[in-house]
Amino acid sequence: QVQLVESGGGLVQAGGSLRLSCAASGRTFSSYPMGWFRQAPGKEREFVASMNWSGGSTYYADSVKGRFTISRDNAKNMAYLQMNSLKPEDTAVYYCNADRTPGRLRVGIPGDTWGQGTQVTVSS
């Protein structure tokens with residue numbers, strides 16, 4: 001079983017950048033597809049990005065495509081979300097997610113393993 005802890009959130013001005021990190025415990029991390037989701041106040045949690053076990057295949061929501069980059073370092077049990085050209089509408093709590101079932105994160109369906117979330121606030 002993998003456990004996830006996010007970090008790297010904060011307050012940034014529009015147009016700025018942040019890099020979120022997700023530290024995973026468990027020897028099988030490298031076999032899990034990973035993803036990021038976000039939830040803004042009053043809204044449902046939504047898919048942001050995901051990648052396969054190696055990070056060689058990546059998938060993005062249209063709203064972040066070209067601005068965000070998902071990556072991982074399996075040797076360090078880490079996943080990342082580089083966020084550039086941030087907009088006020090990116091303000092949300094961002095969650096790391098892992099799924100043992102291949103194929104679901106690729107289409108935006110989360111697995112059962114979540115981190116506690118990290119707040120990202122983008123000011124205009």
Side-chain angles (χ1 to χ4, degrees):
Q1 182 70 19
V2 172
Q3 294 181 320
L4 306 173
V5 178
E6 302 96 333
S7 62
L11 174 64
V12 63
Q13 290 188 329
S17 299
L18 281 174
R19 188 175 84 152
L20 305 184
S21 298
C22 175
S25 63
R27 293 182 297 173
T28 58
F29 168 78
S30 61
S31 66
Y32 282 60
M34 299 290 297
W36 289 90
F37 291 74
R38 67 186 182 186
Q39 187 167 19
K43 295 187 177 181
E44 293 187 354
R45 195 170 298 189
E46 65 175 2
F47 170 76
V48 175
S50 65
M51 58 189 168
N52 70 340
W53 67 273
S54 69
S57 296
T58 57
Y59 312 92
Y60 297 94
D62 287 343
S63 58
V64 307
K65 202 170 292 183
R67 300 188 298 123
F68 291 11
T69 302
I70 190 172
S71 63
R72 67 193 297 162
D73 184 338
N74 286 339
K76 296 181 179 179
N77 275 15
M78 295 292 294
Y80 304 100
L81 185 68
Q82 177 67 44
M83 306 185 294
N84 299 329
S85 302
L86 283 161
K87 305 175 181 180
E89 51 263 44
D90 294 318
T91 295
V93 177
Y94 283 71
Y95 297 90
C96 185
N97 182 266
D99 189 10
R100 298 183 64 177
T101 303
R104 296 196 299 192
L105 275 171
R106 181 170 63 87
V107 293
I109 300 172
D112 295 331
T113 303
W114 295 94
Q116 84 289 350
T118 185
Q119 176 71 47
V120 172
T121 303
V122 184
S123 63
S124 57

Is the backbone N or O of [Y] less than 3.5 Å from a side-chain atom of [X], with the two atoms forming a donor-acceptor pair by type?
X: N74; Y: S54; answer: no
X: N52; Y: G55; answer: yes
X: T91; Y: V122; answer: yes
X: D99; Y: T113; answer: no

In this structure, would [X] and [Y] fall into the same cluster of hydrophobic residues linked by side-chain contacts under 4.5 Å?
X: V64; Y: F37; value: no
X: M83; Y: F47; value: no
X: Y59; Y: L105; value: yes
X: M34; Y: L18; value: yes

Residue pair [X] / [Y]: nearest heavy atoms and the distance that separates them:
X: A40; Y: A92; value: N-CB, 3.8 Å
X: A79; Y: F29; value: N-CZ, 4.3 Å
X: P102; Y: P33; value: CA-CG, 4.3 Å
X: R72; Y: S30; value: NH2-CA, 4.1 Å

Residue W114 excluded, over 12 heavy atoms near CH2 under 6.0 Å: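 Yes, the 6.0 Å shell around CH2 holds more than 12 heavy atoms from other groups.
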
Atom CD of Q116 with >12 non-hydrogen neighbours under 6.0 angstrom: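 Atom CD in Q116 is packed in, count exceeds 12.
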
Could you give the distance from [atom1] ([X]) to [atom2] ([Y]), rounded to the nearest 0.5 Å?
X: C22; Y: L81; atom1: SG; atom2: CG; value: 10.5 Å
X: L20; Y: W36; atom1: CG; atom2: CH2; value: 4.5 Å
X: S17; Y: F68; atom1: OG; atom2: CZ; value: 9.5 Å
X: I70; Y: S57; atom1: CD1; atom2: OG; value: 11.5 Å
X: L11; Y: Q119; atom1: CG; atom2: CD; value: 9.5 Å
X: S21; Y: E6; atom1: OG; atom2: CD; value: 10.0 Å

Apart from Y80 itself, residues in the same hydrophobic cluster as defined by side-chain heavy atoms under 4.5 Å: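 Y80 shares its hydrophobic cluster with M78.
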
T69 vs Y60 side-chain heavy atoms within contact, under 4.5 Å: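 Heavy-atom side-chain distance check passes, below 4.5 Å.
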
Beyond-backbone contact of R38 with D90, side-chain heavy atoms, under 4.5 angstrom: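 Heavy-atom side-chain distance check passes, below 4.5 Å.
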
Residue list, salt bridge (Lys or Arg N to Asp or Glu O under 4.0 Å) with D62, at least two apart or on another chain: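 For D62, the residues satisfying salt bridge (Lys or Arg N to Asp or Glu O under 4.0 Å) (neighbours in sequence not counted) are K65.
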
For S25, all residues meeting side chain to side chain contact (heavy atoms under 4.5 Å, CB included), sequence neighbours excluded: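 Counting only residues at least two positions away or on another chain, S25 forms a side chain to side chain contact (heavy atoms under 4.5 Å, CB included) with Q3.
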
